[in-house]
Amino acid sequence: METLLSLDFGTGGVKALLSTLGGRQLALRQEGYPFSRNQGGHMEQDPQDWWRAAVAACAALRQEFPGEYAGVCAIGLCAQMHGPVLLDGHGEPVGGCITWCDTRCAKEAAGLQKLLGEALFERLQNPASCAYTAPKLLWLLRHEPERMERAATVLFCKDYIRYRLTGELASDHTDASGSLLYDFETNAWSAEAIRALGLRPALFPGLLPSFAAGGSLCRESAAALALPQGIPVAVGAGDLACSVLGSGLTQAGEALLNLGTAGQVLSLGAPGAGCAKGSYLFSFLSPGSRFSLCALPSAAYCLRWFLEQVGELPARDEEEAALSPFARLDRYAAESEPGARGVLFAPYLNGTGSPYFDEGTRGAFLGLGSGHTRQDLCRALLEGVGYGVRDCFEALGGAGQIRTLCLSGGGARSGLWRQILADILGRDLLLPAGEQATAAGACRLAYLAACGQAPAPSGDGMGGERVAFRPAQHARYEREYRRYRRAYPLLRQLREES
C-alpha cells in the first residue's frame, strides 16, 4: 500500500501524518519541542530540535503502523512562517530561529517603511509587522552583526527540514511572501529591498512552486527515518497556505477561519489581487496566486489564559469532573445567554491584530457587575473572540466578497463556539471532512510532487458538517457587535494616557 507522509511544524511541535494517495488520513503522531530562548519578547527555537522531533514522531508511526509507514512514497512539508533560519557555509545553523511570535524587533518594524521608501514599500504590499522576517533580520544586523556575517543562507523552518532531508537549498513563494522582502509585482525576491536593508541578495535561495519536487531523500536522512533513499520531497509551503489547501478551498471567494491559539481568516483572491486594508497578502502555491489574511493574535489562547490565570472551573458532578477544562468552560458558557448578560470581552491579550495592527493596546472585561457569574464570563470569552473574528471577516470584504467560509482549528471542536461564530458572522460554516487540514495540505503537496503536476480544484476537504446561523440570534449579536466596536477606541485611549 503506497502512502504519503507529511511533516507539519507548528510553534509547539511537529505532526507526522500518514495518508493514502487519495487523501484519507490513516495515522497521526505528534512530538513537541521547546523554545530555546523565551524571555523579554525574545522567543527562539533550535532548528536541531525540529529535526529531532520529526525523527521521533516518524519512529512512533513506524512502530505502530509498520505496514503503512513502509509504503511511504513521497514526503510533504509545511511549517510555521516568518522565522529566519541562518545557515553557515557548512549548512549548520547560526544560532536559533527567531520565531514569528518574537517581538524584539518592534522598533525595526516601525521604521521599515521610512527606510525602504514609499514606492518600494508599496510593492511589498504588507504592513510592517514585527512578526515578519525583514525586521528580524534588520534587528540581527544592528544587534548581533556577527551572526549575520557568519550566515551564508537564510531559510524558513520547512526549508531547513527539507535541506536536512535532501541537501537542497530552496524556498517557496508562500514563505517568501511573508518576509517583507518579496516583490508581488515580479513574484520574486526584491533585490532592491534586500540591499536597502543592508542584506546580501546571495543569502536568499531560489524560489520554487510549493508543489514542485524539492529534491529526493538523501542516504543519511533515509537511514534516520527508516525510509527508502530517493523518494521525492515536495518543496512545501507555509502552514497558512497548507491549511487552505487541506481544507479544500481552491476558488476566489472561498475563505478559511482557523480558530487556534490565534484566530485567522484566510481568503483566496483572484490572481494578481492586491492587499485589502487591514489585512496581509501572501502568495499561494504558485507565482501570481494570492490569498489574504486577517489575524486575531489571541483566540483560543484567551480560554487558556482564563483557565490558567483566573482559575479552573469547579466540576459540579462526576460527569463534569471527567471533562477537559475547555469542555467544562463550554458547559458553563452554555448556561449564560447570547450577549453574556451585558458582559463584553475584548480579546486583545497580545494586541489587536487586524484591522488595527495595534500591538500595544490590551484587552478587558467590560460591563461587569456583582450579579454576573462564571457562566457569563465564560460566554463573554467565546463571544469576544467571535467579535474579533468578525472584525477580520469584515476587513476582507465580509459577505460581499466571501461566499464560502470553512472552519478549522482546535476551537472548532466546540459545538457551542461553532454556533456562536456562525451567529455572530451571519454565515453558515463548513467543517472540513478531516481534522488535520494543515498536515493534509502538506500530504497533497507530496502527492503533487511525486506526480509532477500542479493542483487542480477538488473541494474534497469541504465534505464535513454545516453549521447554520440562526437569523434571530444574528440580529441580537449585531447589536452586541456594535458595542464591541466602540470598545477599541476607548481601550486605545486608556493606553495612550497611561
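These numbers were taken from a predicted model, which means no experiment stands behind them.
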Item to complete: In sequence, state the C-alpha distance, the side-chain angles, and the governing distance for Glu168 and Arg162, and then conclude on salt bridge (Lys or Arg N to Asp or Glu O under 4.0 Å).
Response: CA-CA 7 Å; Glu168 300 291 335; Arg162 192 185 58 257; over 6 Å; no

Item to complete: Might you work through the ring pair (Phe, Tyr, Trp, His ring centres under 6.0 Å) test for Phe211 and Tyr447, ending with a clear yes or no?
Response: CA-CA 8 Å; Phe211 50 81; Tyr447 175 79; over 10 Å; no

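For the 3.5 Å distance criterion, the side chains of Asn350 and Ser298 qualify, holding a donor opposite an acceptor. Side-chain polar atoms of Thr133 and Trp100 form no donor-acceptor pair below 3.5 angstrom. Using a 3.5 Å distance cut-off with no hydrogens or angles, the side chains of Thr99 and Asp102 do not pair a donor with an acceptor. With 3.5 Å as the limit, one finds a donor-acceptor pair spanning the side chains of Ser414 and Asp330. With no hydrogens or angles considered, a side-chain donor-acceptor pair links Gln48 and Arg164 at under 3.5 Å. Side-chain contact, Ser171 with Asp159: a donor N or O sits under 3.5 Å from an acceptor N or O.
Atom NZ in Lys15 sits 13.0 Å away from atom CZ in Arg29 (nearest 0.5 Å).
Below 30°, between 30° and 60°, or above 60°: for Tyr160 and Trp50 the angle between ring planes is above 60°, a perpendicular geometry.
Side-chain rings of Trp139 and His42 approach one another, their centers coming within less than 6.0 Å. In this structure, the ring of Phe326 has its center no less than 6.0 angstrom from the ring center of Phe306.
In terms of heavy atoms, Ala241 sits closest to Phe284 at O-CE1, 3.6 Å. Nearest approach of Ala151 to Leu203, heavy atoms of both residues: O-CD2, 3.5 Å. Pairing each heavy atom of Ile194 with each of Arg200, the nearest pair is CG2-C, 3.9 Å. Here the shortest heavy-atom pairing between Pro127 and Ser279 reads CD-O, 3.6 Å. Ala333 and Leu382 get closest at one heavy-atom pair: CB-CD1, 3.7 Å. In this structure, Val385 and Ala299 approach most closely via the heavy-atom pair CG2-O, 3.6 Å.
Surrounding CD of Gln63 are at most 12 heavy atoms belonging to other residues, nucleotides or ligands under 6.0 Å away. Dense packing is recorded around CD of Glu320, with more than 12 heavy atoms of other residues, nucleotides or ligands lying under 6.0 Å away. Remark: Arg304 CZ is loosely packed, at most 12 non-hydrogen atoms of other residues, nucleotides or ligands lying under 6.0 Å away.
Looking at Thr174, its side chain does come within 3.5 Å of a backbone N or O of Gly238 through a donor-acceptor pair. Side-chain atoms of Ser408 never come within 3.5 Å of backbone atoms of Ala437 as a donor-acceptor pair (strictly under, hydrogens ignored).
Contact annotation: the side chain of Tyr163 approaches that of Leu87 to within less than 4.5 Å [non-hydrogen atoms, C-beta and beyond]. Looking only at side-chain heavy atoms (C-beta outward), Thr438 and Cys242 come within less than 4.5 Å of each other.
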